[in-house]
Student: 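Below is the structure I would like to discuss, written out as structure tokens.
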Amino acid sequence: MKEDMNIVIVGHVDHGKSTLMGRLLADTDSLPEGKLEQVKETCRRNSKPFEYAFLLDALKDEQSQGITIDTARCFFKTEKRDYIILDAPGHIEFLKNMITGASRAEAALLMIDAKEGVQENSRRHAYMLSMLGIRQIAVVINKMDLVDYDQGVYERVKEEYLEFLKQINITPRVVLPVSSFMGENIVRKSDKMPWYDGMCILEVLDHFDCEQPHEDQSFRMPVQDVYKFTRNGDDRRIVAGTIETGTIQPGQEVVFYPSGKRSHVKNIEVFHAAPIEVGKPGMAIGFTMVEQIYITRGELMSIAGEKAPKTASRITANIFWLGRKNLIPGKVYYLKTGAQKVRMEVEKVSGVLDSSNLSSDESKDFVGKNEVAECILRTDKPIAFDLVEDNAGTSRFVIVDEYEIAGGGIITAALEDEEQMLREDTMLRNYKWEVSDVSLEERIEHYAQKPNLLVITGPDATGKKKLAKLLERELMNCGRYVYYMGIGSYLYGVGADTKKMEEPDHREQIRRFGEVANLMLDAGMILIVTATDLTKTDQKILQTVVEREMEFIWVGEQLTTDIQPEMQVKEKEYDRSIRKIKNMLKEKGAIFHG
């Protein structure tokens, strides 16, 4: 059976990436029958010189601009392997597309125009490949025909680029001269460059080593969703996702992070087929569990006894920033890793590196466009991940700023945070939790709602309690299973001993309240609570302890604490506020009708 390998081709715009791919396909008879003649005829009818890049640049606007807009893929075979070759765009505006292309690659070809030489993007692309953990690299010095196949030009470009690569710990397997347009040194050695006695492109590809099989790594699967079937008596609850690494079999105990919840695999399900005995990397797959537990999209599934992923809400990361606006501390962004998406802030910019010349600036407190930085990030709730040296795929992330992917990077360290011990206690609680025979899905179906914690907070005398009670009445009149609890009701009951302390432990009060809320949510309830001037710290404690959906609503014109609410409403505008909250619950899928 042939090996499979993903290769990415990167380089500055117009340095010949698409031409190389087109030439490879044409010269190895890998194109669909008649495709080459069709493209040549189209060029002839439009009085346009034929270019091999047009074999890939199928979109009209791409051909008219003469550049590749998105990451192109082509399938290519040699006697040794089946390849997917990814052409990552060279324009700086399209570097984020390159992140997507390079993140799937096991090896890379770095293209440089012999006439133009090493460009700024040539350095940036190399640095990005280094960040993404791609170590198998060949440097391709292209367009040798434009410099009359001059060995001296080749040697000068080679020396300059190797000096840069050395500084970022990249040692290319080979540096080879080619002419993609003329087909020199592509599928066979060129007689135009007798001074070069190394491999051609085709030989270089086959000399790359396939990565360690993902089957041999610890099992990882980001949970994409949990499906419940009811048709024709089908009562399966299926945890679905795509396996990143490792293998899994029925009967194995699995752990979901960051919650720490455990179960055993009952069956491995595939779409429209009988259950299978082994799940392997790359499979889009589903699992039924022996013990029914409540987990959500974004958790990272692992196997008990294997190396566990990290969990933290503070991380150190290397970031490549592509956003139009600077990356700055204090601003709210979204971090996406695997199927997890969480709110995030930059706690500290530890150092900014100019990836084109490797100069460092430790005094900057922001990251500008196209800069690389080491930062400390803080997420609003724990995430599960691996470090890059343990599992490159589950260490990568992207940052979303105002609905656009504005950066990407890798996680290099998990840092301690105030919630670490609390998180460990919560994981132990989940491990010891006695699961009811009535599943949460049955409660959701019965009550036509998902459990949700609505935390209404803000300054004194803003009408928080009245809003909460009116909202409770409105939801109950709509047939909801709902309950209102003021923080005082808890403090003089379950938390009575903390009130009697000489210096009440506010953190412990919030933790205990979270445990009470968690029990009520497990019963399928929508719980409404009020408290004065909750802070971001209070918010993080609740988000660690309460592993259900929750929304923080601030009542008042101005935020007077550092909390990050999902919604802000005006004080004593009860009818309007209730409509906004109900619409939010509907949009988030917490209530299904009414």
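Throughout, residue positions are numbered sequentially from 1 according to the sequence presented. Just so we're clear, the structure is a prediction, and the values are computed from it rather than from any experiment.
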Student: List in chain and number order the residues that pass salt bridge (charged side-chain N to carboxylate O under 4.0 Å, His left out) with K572, two or more places apart in sequence or in another chain; answer none if no residue qualifies.
Tutor: none
Student: I need the minimum non-hydrogen distance between L559 and P565, along with the two atoms involved.
Tutor: CD2-CG, 3.9 Å
Student: Which pairs count as ring-ring contact (aromatic ring centres under 6.0 Å, His included) when at least one residue sits in residues 506-533, sequence neighbours excluded?
Tutor: Y490-F513
Student: Among residues at least two apart in sequence or on other chains, which ones pass salt bridge (charged side-chain N to carboxylate O under 4.0 Å, His left out) with R429?
Tutor: E515, E547
Student: Run the side-chain donor-acceptor check on residues 550-557: report pairs under 3.5 Å with partners two or more places apart or on a different chain.
Tutor:
| residue | atom | partner | partner atom | Å |
| --- | --- | --- | --- | --- |
| W554 | NE1 | Q558 | O | 3.0 |

Student: Is L527 close to Y484 at the side-chain level, that is, under 4.5 Å between some pair of heavy atoms?
Tutor: no
Student: Under the salt bridge (charged side-chain N to carboxylate O under 4.0 Å, His left out) rule, what pairs show up with a residue in residues 526-538, not counting sequence neighbours?
Tutor: E345-K536
Student: What residue pairs, at least two apart or across chains, pass side-chain hydrogen bond (donor to acceptor under 3.5 Å, both in side chains) with a residue in residues 450-469?
Tutor: D460-T532
Student: Among all residues two or more places apart in sequence or in another chain, which pass the side chain to side chain donor-acceptor pair (under 3.5 Å) test with N518?
Tutor: none
Student: Scan for ring-ring contact (aromatic ring centres under 6.0 Å, His included) pairs involving residues 405-427, sequence neighbours excluded, and state none if there are none.
Tutor: none
Student: Would N391 and T245 count as having a side-chain donor-acceptor pair, cut-off 3.5 Å?
Tutor: yes
Student: On a heavy-atom basis, which atom in F397 and which in N318 lie closest, and how many Å separate them?
Tutor: CZ-O, 4.3 Å
Student: What residues form a ring pair (Phe, Tyr, Trp, His ring centres under 6.0 Å) with Y481, not counting sequence neighbours?
Tutor: Y447
Student: For S259, check side chain to side chain donor-acceptor pair (under 3.5 Å) against everything at least two apart and list the hits.
Tutor: E299
Student: For residues 302-324, which residue pairs qualify under salt bridge (charged side-chain N to carboxylate O under 4.0 Å, His left out), counting only residues two or more places apart or in two chains?
Tutor: K307-D390, R314-E347, R324-E404
Student: Out of curiosity, I315 CD1 to R378 CZ, how far, rounded to the nearest 0.5 Å?
Tutor: 11.5 Å
Student: Who are the ring pair (Phe, Tyr, Trp, His ring centres under 6.0 Å) partners of Y333, not counting sequence neighbours?
Tutor: W321
Student: With side chains defined as the heavy atoms from C-beta onward, is the minimum distance between E573 and V569 less than 4.5 Å?
Tutor: no
